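Heads up, the thing below is written out as structure tokens.
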Amino acid sequence: GAVVSQHPSWVICKSGTSVKIECRSLDFQATTMFWYRQFPKQSLMLMATSNEGSKATYEQGIEKDKFLINHASLTLSTLTVTSAHPEDSSFYICSAREEQGAANSPLHFGNGTRLTVT
Amino acid sequence: KNEVEQSPQNLTAQEGEFITINCSYSVGISALHWLQQHPGGGIVSLFMLSSGKKKHGRLIATINIQEKHSSLHITASHPRDSAVYICAVPGGGADGLTFGKGTHLIIQP
């Protein structure tokens with residue numbers, strides 16, 4: 001079945017450094033991927049929609065210069081947390097639909113990345 | 001924006017019990033997702049349904065579009081069913097989803 005691979009699964013970094021998280025669709029092409037953030041005991045919150053070959057669409061309150069998204073190919077989207085601070089510590093997870101533009105097509109999630117900024 | 005409410009927030013049950021988790025939403029939708037989040041954080045899509053009922057193994061999902069309500073049932077529950085179960089509906093950005101806060105389920109042996 002369709003699989004989305006996310007890497008790394010966890011990362012610890014120092015405040016002020018940047019961290020890149022990769023999300024790959026392994027056996028299907030994903031022109032659109034979604035990035036979510038989840039704080040402890042909270043629900044998943046959509047951060048941005050990653051569009052292959054064009055700029056990402058960010059949700060209100062998400063700084064585009066802070067969370068850089070690149071979707072350079074049909075199977076890879078990356079999220080870079082720039083100048084990370086302890087408040088960026090969270091669980092980041094990506095997802096992609098098997099059929100692009102079809103709201104009712106199956107949604108596949110990566111296993112998530114737990115980011116800890118010290 | 002669609003508001004999603006799940007209940008209960010936490011549920012502890014004994015192995016073998018029949019489990020029901022509820023989800024209500026505020027705006028009409030085309031489909032609803034039930035997701036399972038494992039303790040490590042990974043998420044698995046269990047069901048996507050737009051009407052009626054779907055069954056997969058010991059899991060059953062139902063939806064009532066008119067009442068804007070869905071339920072997830074687990075029959076003959078097992079400790080490995082312990083996870084967070086999340087209801088999600090379209091909204092929250094282009095083709096994105098709005099998620100419920102999840103139901104933390106613990107099945108004790």
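Everything quoted here is computed from the prediction, not taken from an experiment. A, B, ... follow the sequence lines: proteins, then strands. Residue 1 opens every chain.
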Q. Is A:V19 close to A:T113 at the side-chain level, that is, under 4.5 Å between some pair of heavy atoms?
A. no
Q | From NE2 (B:H69) to SG (B:C23), nearest 0.5 Å | A | 7.5 Å
Q | Aromatic ring proximity, centroids under 6.0 angstrom, A:Y36 and B:F99 | A | yes
Q: Assert yes or no for the condition that the ring centre distance of B:H73 to B:F18 is strictly below 6.0 Å.
A: yes
Q.
Need one label for A:L44: side chain, backbone, both or neither, based on atoms under 4.5 Å from any heavy atom in chain B.
A. both
Testing the 3.5 Å rule here: is there a donor-acceptor pair between the side chains of [X] and [Y]?
{"X": "A:S9", "Y": "A:N111", "answer": "no"}
{"X": "A:W10", "Y": "A:T116", "answer": "no"}
{"X": "A:W35", "Y": "A:S50", "answer": "no"}
{"X": "B:N2", "Y": "B:S26", "answer": "yes"}

Q: May I ask you to name which of A:Q6, A:K41, A:M45, A:Q38 has the most heavy-atom pairs under 4.5 Å with chain B?
A: A:Q38
Q.
Shorter than 4.5 Å, heavy atoms on both sides: which option in B:H38, B:Q37, B:H104 has the most such pairs with chain A?
A. B:Q37
(Q) For B:Q6, which atoms come within 4.5 Å of any heavy atom of chain A: side chain, backbone, both, or neither? (A) neither
Q: Check each atom of B:L49 against the heavy atoms of chain A and say whether the ones under 4.5 Å are side chain, backbone, both or neither.
A: neither
Q. Does anything in residues 56-66 of chain B get under 4.5 Å of chain A by heavy atoms, and if so which residues?
A. none
